[in-house]
4 protein chains.
Amino acid sequence: MGNDFKSRDKFTSIIDSALRVFGEKGYYNATISEIARTAGVSEATIYEYFGSKEDLLFAIPGEITSQAVEFLEGMAPYIKGAENKIRAIVYGYYNLYKDNPDYSSLVLLNLKHNRKFMEAEGYQAVQRAAGFLLRAIEEGVKSGEFRDDVDPYLIRSVILGTIEHIFFRWHLKGRKEELADFVDALMDILTRGIKKDGEPRAYQINITLPESPAGSPP
Amino acid sequence: MGNDFKSRDKFTSIIDSALRVFGEKGYYNATISEIARTAGVSEATIYEYFGSKEDLLFAIPGEITSQAVEFLEGMAPYIKGAENKIRAIVYGYYNLYKDNPDYSSLVLLNLKHNRKFMEAEGYQAVQRAAGFLLRAIEEGVKSGEFRDDVDPYLIRSVILGTIEHIFFRWHLKGRKEELADFVDALMDILTRGIKKDGEPRAYQINITLPESPAGSPP
Amino acid sequence: MGNDFKSRDKFTSIIDSALRVFGEKGYYNATISEIARTAGVSEATIYEYFGSKEDLLFAIPGEITSQAVEFLEGMAPYIKGAENKIRAIVYGYYNLYKDNPDYSSLVLLNLKHNRKFMEAEGYQAVQRAAGFLLRAIEEGVKSGEFRDDVDPYLIRSVILGTIEHIFFRWHLKGRKEELADFVDALMDILTRGIKKDGEPRAYQINITLPESPAGSPP
Amino acid sequence: MGNDFKSRDKFTSIIDSALRVFGEKGYYNATISEIARTAGVSEATIYEYFGSKEDLLFAIPGEITSQAVEFLEGMAPYIKGAENKIRAIVYGYYNLYKDNPDYSSLVLLNLKHNRKFMEAEGYQAVQRAAGFLLRAIEEGVKSGEFRDDVDPYLIRSVILGTIEHIFFRWHLKGRKEELADFVDALMDILTRGIKKDGEPRAYQINITLPESPAGSPP
DNA sequence: TATGAATGAGATTTCATTCAT
DNA sequence: GATGAATGAAATCTCATTCAT
């Protein structure tokens, strides 16, 4: 059992190091040797835990994304309204990417471009998150919160594309500038863009009526 | 002259082959050997034209993007209104990426993630296109077409992010499905999202007044 | 420990093979591949032990020269007189070069002409030997054993130049002829050339005088 | 004829450039391409004049050394005495090497170590110079100017070795320091070292005679 | 004669991966 | 389970050299 514990330690340590090294140098420029050194184990040990360099890469998101998705899914029932749900999800991505820069670097710069990753296990978690977002949008359309002619897939692309694009540039530019909190601004644009027009928006309309009797329109 | 012609041929042929092979396999999994074979020249010949594998990669976008950007910039003065300009640019990207799938694959899956590319010459063209888009958005804000509180950088991220995300998925999924023309839908959402509310939109407002005398609101 | 032993073995074996192959073919015409074959290891293994082909080259003299220099330096205090010290050093070079023909070939035909070698670690040993010789000469001048107007640097050049020239030709001619022991003859010329003239040179002259009538000369 | 003239020009220009480039970078690190660029001709043209890179290397000394040797040989009959002849030759080397640093760099750092050079034509001139020096020494022995037991080959090695060693170091150290005129000092040492003792030097000879009848040395 | 263009033939070097201990 | 040591398998890149024009 002490062994198990140690093993778990080593497993985690390798994943962590891989995350860091892959995140910094990119998959192809990272070497097993450096990951091993960072993790404080031998190269051979890595192969005890992971079948190949690619396996190691693919094993990373499983852990992290799963947690994030579970959190969101657990919270979902308590959030009312599609807009709020979407906002929560966007914040979920935002925080996940911001708080784990190595992770977002890895996902955005390495994993997403790997066709094989789409067949790997870790991809499931990513998919689940995306599916979750899609359903929230669809719900909004169905409930009448959003316009009927809105294409949920497009909306999802707008959301994910925007998030990824912003983080992407942040990474490419070396994470030097502070990352602005763009979530509310994005949600604002999006909401205006897809919400039903007829909605009881608070338009300020002033009508001045002549003094005579009394008639008050609603 | 015949010679010049041949040289140009070879140059183009190498670029084309590189575009294809890089696009298919990715930069790291592509080999000079395969590019040479595809182009029908020897490996050494490639090094006569390009200093290194990376140089070859970076040389690709210069040609194609430049053309597209020039076209757009030439057309700009004839387009009135920020919205129309943006729409033209988005269509520019859409057509460029759609008509040159190997190119978009290369840019989206390989080049954009390369930090060194940001220092290469070919990056200029990409930058120019992005700058052009940004200015169109800013123009819309200044002219009052868009709301004042709109952040042009965010809008640009929304636009580029969405486009890239959609093409990205298209490539990752093997370009099997026909790519929908999402431009108008995207523009619709975006326009609603950022246009000034006060604009002469045709709101249907019914006001029922009591019959009596005559009252005219100012 | 068994491992250590093996490692040491391999290290030595690579150095030996490199010495032989470099010595025979010269640095540029030697290939890592041949050295690996000679050493009975793979090419990659060589790179486990040495960072580059040049590193391997530079690693060779460190071992051998160091030993020789240490031997000489250890012996120095027991030798009286500058002339004797110099003679010992010359013999040191002579024996080193003669007993390790591959080594002398390497040093004289390859290493000495390499400007980078002057910055490498192995060069220190060579330097130490040369410095040791210089000091012996200077001592001779200071003690009055040699003439005052003698330039120690020139003398050193005469000594090293002569030794190197002779071995040089020996190697270039394919080491076919037996190498004569030129040390005493060289020392003789040199001594006559730089010793103080008035010195009470110890000529051993035996004169046998006939006691009286009949004497038998040898 | 105009053509011949041009050809000669090109030939010379190539040799000159080769001398410079080989001298600076060494044979193996020099490229035909750079020599061609320096000479202002195409690479292919070099192959019109010289069969291979090595041929070009070997063609260089023929020109220069021949001139020097002819000059010396022409002057020889007018110089009286072996010592003076030797001094003239040493000065010949000294000036040749000093005034043509690229040439001496080439000869000392590249050519001398090339076994094949010994079979090339250009080697003849070098040989002739060396033979000339040897004969001068032998003449000194025969004429009684030098001691009988002097080995002319060793003396030649001392002379050439010293000269080469000094120039060698000068080149390796980047020719930064001014090169001292070591010729007279070398000749002084050498002369003292090999001249006949019978000269009016003051030797102190002590002879101890046995006082009594019979003494037998061991 | 002169050369621009092309290439054959390697050489060094890098790593992911394996295996005996 | 852990690892030090070894290597197979390539990949990039370099140049001397050739040849059609």
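Since the model is a prediction, treat every value here as computed from it, not as a measurement. Residue numbers start from 1 in every chain, and the chains themselves are labelled A, B, ... in the order their sequence lines are given, proteins ahead of strands.
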Engineer: Would you mind reading off the distance between C:Y28 atom OH and E:dT12 atom C1', rounded to a whole angstrom?
Structural biologist: 14 Å

Engineer: Looking at F:dC15, does its base get a donor-acceptor pair with the side chain of D:E43 below 3.5 Å?
Structural biologist: no

Engineer: Go nucleotide by nucleotide along DNA chain F from the 5' end; which of C:G40 and B:G51 gets its closest nucleotide reached first?
Structural biologist: C:G40

Engineer: Verify the contact: side-chain N or O of A:Y47 to OP1 or OP2 of F:dT3, cut-off strictly under 4.0 Å; return yes or no.
Structural biologist: no

Engineer: Rounded to whole angstroms, how far apart are CD1 on C:I35 and C1' on E:dT12?
Structural biologist: 12 Å

Engineer: How close or far is atom P of E:dT13 from atom CD1 of C:I46, stated in whole angstroms?
Structural biologist: 11 Å

Engineer: Among F:dC13, E:dA16, E:dT3, which nucleotide has an atom closest to any side-chain atom of A:I32?
Structural biologist: E:dA16

Engineer: Can a donor-acceptor pair be found between the side chains of A:Y28 and A:N110 at a distance below 3.5 Å?
Structural biologist: no

Engineer: Does any N or O in the side chain of D:T45 come within less than 3.5 Å of the main-chain N or O of D:V41, such that one atom is a donor and the other an acceptor?
Structural biologist: no

Engineer: Given atom CZ of D:R37 and atom C1' of E:dT3, what is their separation to the nearest angstrom?
Structural biologist: 16 Å

Engineer: Taking the six-membered ring where the residue is Trp, are the ring centres of B:F50 and B:F11 under 6.0 Å apart?
Structural biologist: yes

Engineer: Please determine if a side-chain N or O atom of A:S33 lies less than 4.0 Å away from the OP1 or OP2 oxygen of E:dC15.
Structural biologist: no

Engineer: Whether C:Y49 contacts F:dA6 is assessed here as follows: a side-chain N or O lying under 4.0 Å from the phosphate OP1 or OP2. Is that the case?
Structural biologist: yes

Engineer: Tell me: CZ of A:F50 to C1' of E:dT18, nearest whole Å?
Structural biologist: 18 Å

Engineer: Is there a Watson-Crick or G-U wobble partner for E:dT21 with both distances under 3.5 Å, and if so, which one is it?
Structural biologist: F:dA2

Engineer: Roughly, in whole Å, what's the span from CG in C:D9 to C1' in F:dG4?
Structural biologist: 16 Å

Engineer: Does A:R175 pair with A:D102 as a salt bridge, N-O distance under 4.0 Å?
Structural biologist: yes

Engineer: Who is the Watson-Crick or G-U wobble partner of F:dT7, with both distances under 3.5 Å?
Structural biologist: E:dA16

Engineer: With the side chain of C:T45 defined as its heavy atoms from C-beta on, choose the nearest nucleotide among E:dA2, F:dA6, E:dC15.
Structural biologist: F:dA6

Engineer: Counting the atoms with a prime plus P, OP1 and OP2 as sugar-phosphate, which does B:A30 contact under 4.0 Å by heavy atoms, base, sugar-phosphate, or nothing?
Structural biologist: sugar-phosphate

Engineer: Among E:dA2, E:dT12, F:dT3, which nucleotide has an atom closest to any side-chain atom of C:K53?
Structural biologist: E:dT12

Engineer: Hey, which of these two, B:E48 or C:T31, hits DNA chain E nearer its 5' end, going by closest nucleotide?
Structural biologist: B:E48

Engineer: Quick one: do A:E34 and A:K25 make a salt bridge, cutoff under 4.0 Å?
Structural biologist: yes

Engineer: Please check the phosphate of E:dA5 (OP1 and OP2 only) for any side-chain N or O of B:K10 closer than 4.0 Å.
Structural biologist: no

Engineer: When the distance from CD of B:E54 to P of F:dA11 is rounded to whole Å, what number comes out?
Structural biologist: 18 Å

Engineer: Kindly say if C:S42 contacts the phosphate of F:dT7, meaning a side-chain N or O under 4.0 Å from OP1 or OP2.
Structural biologist: yes

Engineer: Whole angstroms only, please: what is the CG-C1' distance between B:L56 and F:dA11?
Structural biologist: 15 Å

Engineer: Find out whether the Lys NZ or Arg CZ of B:K53 is both under 6.0 angstrom from the six-membered ring centre of B:Y27 and within 45° of the ring's axis.
Structural biologist: yes

Engineer: Using both distances under 3.5 Å as the test, list the Watson-Crick or G-U wobble partner of E:dA9, or none.
Structural biologist: F:dT14

